[in-house]
Amino acid sequence: MYMRGARVTFTNEMMKKSVVAFMSQTIDLTEGMIVSIRTHLSENQILHIMVFPDEQTAEGFARAAKGYGEQIKEMGAKMEILKGDISHFGIAGDVTLDQLRFLG
């Protein structure tokens, strides 16, 4: 598995909420993405982790979503892209797949 992530600092909370809502409806779980996790680090910052089956699929997603990232930066947000192989992925033993909520 392969991870692409973005730590995004928005200019304000409204921009953050607007972009997160738009991206949730537009790009989450597309282009081969199998997991999408957002952590809200502050009023105006998120860490978005996306998991893909492999690096090739992740890079295809990056090409497809490139325009969105550029538009977000044009609005004044700062974006740091993180990526790499996943060496461990686990879920607590008492969690079953039917307990997980899928947005797709």
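For Glu80, the salt bridge (charged side-chain N to carboxylate O under 4.0 Å, His left out) partners two or more places apart in sequence, or in a different chain, are Arg7.
Considering all non-hydrogen atoms of both residues, Pro53 and Gly32 come closest at CD-O, 3.3 Å. Among all heavy-atom pairs drawn from Thr11 and Ala77, the shortest one is CG2-N, 4.5 Å. Contact record, Arg4 with Ile81: NH2-CG2, 3.4 Å, taken as the closest heavy-atom pair.
Annotation: the span from Phe10 atom CZ to Met79 atom CE amounts to 7.0 Å, rounded to 0.5 Å. A distance of 6.5 Å separates CD1 in Ile49 from CG in Leu82, rounded to the nearest 0.5 Å. To the nearest 0.5 angstrom, Met23 atom CE is 12.5 Å from Ser18 atom OG.
Here side chain to side chain donor-acceptor pair (under 3.5 Å) pairs that include residues 37-55, with residues two or more places apart or in two chains, are Thr9-Gln45, Lys16-His40, Ser24-Arg38, Asp28-Arg38, Ser36-His48, Ser42-Asn44, Asp54-Thr57.
Side-chain contact between Met1 and Phe52 is absent, with no heavy atoms from C-beta onward closer than 4.5 Å. The shortest side-chain heavy-atom distance between Tyr2 and Ile86 does not fall under the 4.5 Å cut-off.
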Trace of the side chain to side chain contact (heavy atoms under 4.5 Å, CB included) decision for Lys17 with Val20 = CA-CA 5 Å; Lys17 287 181 177 182; Val20 167; 6.0 Å; no

Start with the C-alpha gap between Met50 and Met3, add the side-chain angles, then the distance that decides, and say whether side chain to side chain contact (heavy atoms under 4.5 Å, CB included) holds.
-> CA-CA 6 Å; Met50 298 159 283; Met3 181 278 298; over 6 Å; no

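Met14 is not connected to Ile46 by any chain of hydrophobic side-chain contacts under 4.5 Å among Ile, Leu, Val, Met, Phe, Trp and Tyr, and they are in different clusters.
Side-chain atoms of Thr30 come within 3.5 Å of backbone N or O of Ile27 as a donor-acceptor pair.
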